[in-house]
Each structure stands twice: as C-alpha cells, then as structure tokens.
Amino acid sequence: MKVVALVSGGKDSCYTMMKCIEYGHEIVALANLLPIDDSVDELDSYMYQTVGHQIIVSYAECMNVPLFRRRIRGSSRHQKLSYQMTPDDEVEDMFVLLSEVKRQIPSITAVSSGAIASDYQRLRVESICSRLGLVSLAFLWKQDQTLLLQEMIANGIKAILVKVAAIGLDPAKHLGKDLAFMEPYLLKLKELYGSNVCGEGGEYETLTLDCPLFTNARIVLDEFQVVLHSPDCIAPVGVLHPSTFHLEKKENPESNSLEGGSGLVFEVQGDGPNTPESTRQQDDGNVGLVEHTRNRLHLSKTEKDNTFSICCWLEDSSTGMKEDLETVLTEIESQLLKHGFNWQHVLYIHLYISDMGEFSVANETYVKFITQGKCPFGVPSRSTIELPLVQAGFGKAYVEVLVANDHSKRVLHVQSISCWAPSCIGPYSQATLHKSVLHMAGQLGLDPPTMNLRNEGAIAELNQALTNSEAIAESFRCSISSSAILFVVFCSSRTTPSERNQLHEKFVSFLDLANSSRRVSNVLNPMFLYILVPDLPKRALVEVKPVLYVEEDTETEDETRQDQSGEGDYSYWGYKPEKWHQDCMQNRVVDGKVCVTVLSISAEVVRKLHEDSAEEKEEQLERVSRFCVYLLNKTLLENSFSWQDITSLRIHFSTSLGVSIERLSYIYSTAFRELNEMSHGGRVNGLKEPIFNLVPVLGAGNSSASLDNLITCELFALRS
C-alpha cells in the first residue's frame, strides 16, 4: 500500500515507517501537526508530541518525501476513550490534514502511526482513517517495549531525548542524550520504578536525527536550550528547545531531492467540520419486506430476559445473497426493536452464508446495518462461516445474534494492522467481554502484519490462529490455555484426513506448552467441538472460536460438577441414567454461573437407542430428539440451572441425515413441547418461536479425527 506516515519526530513514528517498508509498503508522504506559535515547544495535548517540531520540516529533504503540515487549532474537547467527531477538537486537525494529503495524492490507501500502548491515540487515528476510507498501520502496537527499544537502536534509529518527566530522569543531565547511550539507564529505571522503557507512560520523548530512511541527509543539532517546566525534586519536567541545527548531506548517488527541500513542504490550511458527519444509512429499499418473503422467514429465540439469542433464516430462497441477507438482518433489527433493543445491545453475531465466494457481497450488506455509529459501546464480535444452507433447504444467509439488555460489555476493537493480532477493519471486533464470559471472534491463521494466511497447511494455520487468540486473551489479562471453557474449531472440507487427524493433538500440545510457560495453578479443562464446513473466509483451512471465563479471582472447583448426580426424577420418556450416556456428553460448570454442554449423537449412539432396527428414519430422529432433550434437561437441573438460563442452543445436524429443515424443526419442537407437558409447564415456556437453532454442517465431533456426529447440541447457560 501507499502510505502517509504521521510523524512527530519521535523514535516510534520513524521506526513504524521502517516496519512499513519491511512489510512491503511504500512511504509516499509525511504528515505532521505543530503548534500555531513556532516559539512554543509543547502543547497541552492528549494526542500529539510537539517538542522538537522546529526540526521536523527537515524530514522532507532527509527522506525526499513530501511533508504536509498543519497547525493545531483545536484542543482536547472529546476526552472519552472512544472518539466521536467533535467540532474544534484537536483530532479534527488530523482529519483536515489527512484529507488534504489524500486529495493531493489519491493513490494513498494507508496511514502509519507509532502507537505502542495508548488506546486513546490509536482509537483516534483509527476513527479518522475510518472516516477517510484509509487503513491504519500500527506495527509497534502491543509489542514488548524492552525488545522494541533494542530493535530500534540496533536498526539504526539515532534519536535524542527532548523531554523528560519521570523519577530518575534529570532535564539538566539527560536532555539531548542519545537513545543508545540512555538505554542501560532506562532499563535500570524500569527495574527500580516500573517505568516504561519506550516512554509510553510519558516518562520521556525523543527526536530522531537520523535513521536508514534518511537517505539524503542527517540532522545535526548545533545548539539547544533546556527549558524547565516543573522543578519538582522527585520528577522534574523539562524540554529541549532546538536553537540551531543543520543538515549533513549523505553520499547518495540516487538522490534527486529538491534544492533546500522547500518544494517538498506543504502547509495545510482550512477549517475542520463543524457538525458531526452523518453516519452511512442503509438503503431504504430493504426495509419493506415483500409479504411472501416474510412468510418464508423463520425465527428462534432463547428465553432468558437479560441475555438471549435471536436467530433468523429463510426457507428455500430463490433470490441472491444480498437480498437474503438484507431480509434476514431487517427482520432481526425488527425483532430487536420489538423487544426494546437495537444493534448496540448485540454482543456477538454468527454470520452463516451459502457461498464464501460472495463474502464481499455479504460484508457490504452487513455494514449497512451494523455500524460504529449505531454501536457507541463497541461493535459486536463476529464469526463468518460457509454452511451447506441451500443443500439443507435454507436460503443463502442465516444470522444469529447474542443480545444483552445492558451496556456493561467491554469490547476490544483494533482496526490498525499491527504485529499484535489480526486487525478488524470494519464494524466487527476481536472480542467482547460480558458478565465474565469472553466471546472471541473467529480466529484465522493470519499473519498479523501482512494479514496473509499461513501457507504451510492446516497445522500451521491452527498454530497461528491460537497465537492470535492468545494475544487477544492477554488484552483481557487471561490466557486461552487456562481460561477457555470451549473451543469451537471449524475445519474446511479442503483439509485432508491426515491433517484432521493431527489437529486435535497439535491443539492440546499448544495449550500444554502455554500452561507450562505461564505456571498457572487454576486451569479450566476446556471442551472441544470440531465442525466440518464447506469453506471459510480467505479460503482458510481452520477457524478457531474460543469462549473464555475471565472473572478475576475465579474459583474453579465447580467445573467438575458435571460428575455430580443430583437428586430428582429426570426419567422422561422412560429414559434412565446409564453409564454410556456420559460418553455422549461434555459439560463444564464454572463458578456456579456458567454451564456449557456439548452433546454428541453418533451413528453408534443411534444404534444403542433403537432396539427396533426396523424403525423408520423419522421415528429414529424422534427418539434421538427426545434423548437429546432428556440429557440436556438432566444436565441443567443437576447443576441447578434451568431452561430460562439458556442464552444459546445450537443443534448442528449433518446434511447426511437427508431430512428437511421443516421436519427436523418440527421433531425437536415436539420434543420440547412434550417435556413441558410432562413437567407440568415447569421447564420450557410455550413460546411461538423455538428456543433452538438448527445449523446444517458437513460433520462434527469432539475430536478432529472423528467428525461423524449426526446431531451435536451446543448449549450455553448463564445464571445472573
């Protein structure tokens, strides 16, 4: 991509430019914001470093790249973490600056910045990029600061300290000192006081005088003054004011810089927007559903009041992906409004489509409905999967949303491309934490800085996907190796049997290695559900969807409660507890709050259930449905949960069953109705919509080596 680099003069923004080059991008312009008054060294800004701005003008000639500069007119008016367009805010100066750069150089598609740990700065750069249709590049994000400092110095960043404001740093002694000279002392301050060695806590700021990108000249600081801002005896604050400097030419025969560099510097004038920009509106054409389309809509909804799921799909559609998804999303939006909610209440979205080749069409439709403007508390996390929808009698799009009636969710949404974890450029986030449950977006085996899939096969993709998942988990101060309740692993039908045979073993090895390195005592024993599907985004072979429990000081002794035998009569339909029933079940109860169950029905289980081998297929399915409902009901009640605690219930069914979706839905609805009648209405309330989602798959199982389940029930219950 062609990149405009935001430069403050500091080491971070310069090293980010070097990383951009390393990953194949091209720096075609520089952008800098500076004070209105040249004599002012530092502004009271939450956003910008301005110390040393007098020297930045020379960067254009040093790099032979145009430099666009704008004087900061705004102030820090919008101080909440997530930024919304605010007139006269200093962030709007960046918008005006980058708008002009984009106007003059239309080929620019990305913006680089030196963000390492500041969500405040990163989110503002991402907000501006989103408004301008640009990609944010932040290759230093979340990197280990000690290693990063060593890398910068080793790779030729020549910078000096131009501001100090921390214990152990003395303006008179340390301002003007070279970063390489200061490195041992900065590491010592980290050990003594926990200081950030890269200055991310405001301990110090730097000015880069030379680096490998300065191909034409280096900057030589001839004279400077030390300006003391605060004479505090513990942590005095001071800045370096450059008095005189000059450029020292480098021997570069390929250089074609303009004389003096003056022709490469552009001052950007103009006012920022005075009113908030209107958010993108969805096409009104999708609001009015044709009546015959509505008749083919199907809904399901769980019964829990404060956290529940709504699922919508079409039956046998003859229209295209765009029309089907618009119809489904419009209906879900209508259902949300009907229950007093909207998109900002949605925690997670499962987007199932019939053809991954139409992913871009589906995504374009999706972003008309779910926008950052509609979700001020954070956009939902998402998993996108291709399913055999048409083969099973569905339309081309199928959506499930998890909804909460409060705004207590914590959303992690990093849109910048970095070395940390794959970016989410758009209205979908990496993870959402709500009521101690971390719902992570489906993770592919993407190399974060390049956003390319690992090309060494399914095992390599799995390892990268788990590495990415761990990076996300660490942002919530937990680990997939110790906090995961359930891993749902989607395997593409293009994976070979030999690869699938190895996946689970490699998965467990990854978790064991992570546990041994972390030395954590309280480790949840996660469950696994492998699902075989036709295709995945980017033609990936594997997608991992982790669900974690991350409440602090969690006691995990309750996780073994699946082995307890509670009192009571659960013998509906004549079923009695048998030892082999437990072989069908995976169950975890954590801290008495969360119950997750995976029930697997293989052909062998079906044979055990059917004493009469002459039974018709439909009779067999009826018996299977009752057995599933019986075991799920028994598990819930034994662990002191009820059907009203259910937040989601997916019934994955293999298309090899050869049964219509209408018939299967009727069979399971009947089983739940019978349970309700036998328990005198005390189990499942009589709703118009079913509480379960029927999800067609090619296969499923507890192990990647055996994906031969005919029916797999995935139940999630939350007691609040």
Side-chain angles (χ1 to χ4, degrees), residues 350-357 359 381-388 419 421-424 430-431 440-473 479-481 484 486-515 526-548 586 598 600 602 652 654-656 695-709 712 714:
H350 287 86
L351 174 60
Y352 302 130
I353 58 178
S354 63
D355 182 2
M356 198 56 72
F359 175 83
S381 304
R382 188 181 83 179
S383 175
T384 304
I385 306 293
E386 179 182 323
L387 295 179
C419 299
S423 63
C424 287
Q430 280 89 355
M440 201 177 293
Q443 294 300 309
L444 303 177
L446 293 170
D447 175 47
T450 64
M451 291 297 287
N452 293 328
L453 278 173
R454 293 287 299 271
N455 58 10
E456 301 96 332
I459 303 302
E461 284 190 28
L462 174 67
N463 188 70
Q464 185 65 59
L466 294 176
T467 301
N468 297 339
S469 300
E470 181 68 1
I472 294 169
S479 169
I480 61 170
S481 65
L486 172 67
F487 291 103
V488 179
V489 185
F490 297 98
C491 300
S492 166
S493 59
R494 294 183 300 107
T495 53
T496 65
S498 62
E499 286 178 318
R500 292 201 290 270
N501 286 339
Q502 300 177 61
L503 278 175
H504 187 65
E505 179 185 345
K506 297 295 183 181
F507 202 133
V508 173
S509 296
F510 182 98
L511 298 181
D512 288 344
L513 182 61
N515 271 332
M527 300 183 298
F528 296 87
L529 172 58
Y530 292 86
I531 299 177
L532 188 63
V533 297
D535 204 359
L536 294 167
K538 293 181 176 286
R539 301 283 287 166
L541 298 174
V542 177
E543 178 174 324
V544 180
K545 188 184 69 170
V547 180
L548 284 69
Q586 296 184 81
V598 175
S600 301
S602 64
H652 307 275
S654 171
T655 51
S656 66
V695 183
V697 297
L698 299 181
N702 299 340
S703 169
S704 57
S706 179
L707 301 175
D708 55 1
N709 284 358
T712 308
E714 178 191 353

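Positions are given from 1, in the same order as the sequence printed here.
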Among residues at least two apart in sequence or on other chains, which ones pass ring-ring contact (aromatic ring centres under 6.0 Å, His included) with Phe507?
Phe487, Phe528
Tell me the closest heavy-atom pair linking Asp355 and Gly357, and the distance in Å.
OD1-N, 2.8 Å
What distance do Leu387 atom CG and Asp535 atom CG have between them, rounded to the nearest 0.5 Å?
11.0 Å
Looking at CD1 of Ile480 and CG of Leu466, how far apart are the two atoms once the value is rounded to the nearest 0.5 Å?
5.0 Å
Evaluate the criterion side chain to side chain contact (heavy atoms under 4.5 Å, CB included) for residue pair Glu499 and Val542; output intermediate values, then yes/no.
CA-CA 11 Å; Glu499 286 178 318; Val542 177; over 6 Å; no
Give the minimum heavy-atom separation between Pro526 and Ala484, together with the two atoms involved.
CB-O, 3.5 Å
Between Thr712, Asp708, Asn702, which is the residue that forms a side-chain hydrogen bond (donor to acceptor under 3.5 Å, both in side chains) with Ser600?
Asn702
Shortest non-hydrogen separation from Met451 to Lys538 and the atoms involved:
O-NZ, 4.0 Å
Which pair of heavy atoms, one from Pro448 and one from Cys419, lies closest together, and at what distance?
CB-C, 4.0 Å
Hey, could you give me each pair passing salt bridge (Lys or Arg N to Asp or Glu O under 4.0 Å) that has a residue in residues 502-511? Not counting sequence neighbours.
none
Rounded to the nearest 0.5 Å, what separates atom CZ in Phe359 from atom CD in Glu386?
12.0 Å
Ignoring hydrogens and geometry, is there a side-chain-to-backbone donor-acceptor pair from Arg500 to Thr495 under 3.5 Å?
yes
Which atom of Ser493 lies closest to which atom of Pro534, heavy atoms considered:
OG-O, 3.0 Å
Roughly how far, to the nearest 0.5 Å, is CZ of Arg494 from CG of Leu541?
5.0 Å
Not counting sequence neighbours, list each pair that qualifies as a salt bridge (Lys or Arg N to Asp or Glu O under 4.0 Å) and has a residue in residues 440-464.
Arg454-Glu456
Minimum side-chain heavy-atom gap Pro422-Leu444 below 4.5 Å
no
Do Val488 and Ser383 touch side chain to side chain, with heavy atoms closer than 4.5 Å?
no
Measure the shortest side-chain to side-chain distance between Leu503 and Ile459 over non-hydrogen atoms and say whether it is less than 4.5 angstrom.
yes
Closest non-hydrogen atoms of His504 and Ser703, given as atom of the first, atom of the second and distance, are CB-OG, 4.3 Å
Kindly indicate whether the side chain of Leu486, heavy atoms from C-beta on, has any atom under 4.5 Å from the side chain of Glu714.
yes
Pair Ser481-Asn515, side-chain donor/acceptor within less than 3.5 Å:
yes
To the closest 0.5 Å, what do you measure between CD1 (Ile472) and SG (Cys424)?
7.0 Å
What distance separates Gln464 CD from Gln443 CD, expressed to the nearest 0.5 Å?
10.0 Å
I'd like to check Val533 versus Glu543 (side-chain heavy atoms, cut-off strictly below 4.5 Å). Are they in contact?
no
Tell me, with the steps shown, if Val697 and Leu532 meet side chain to side chain contact (heavy atoms under 4.5 Å, CB included).
CA-CA 6 Å; Val697 297; Leu532 188 63; over 6 Å; no
Is any side-chain heavy atom of Arg539 closer than 4.5 Å to a side-chain heavy atom of Ser492?
no
Taking C-beta and beyond as the side chain, do Ile385 and Leu536 meet within less than 4.5 Å on heavy atoms?
yes
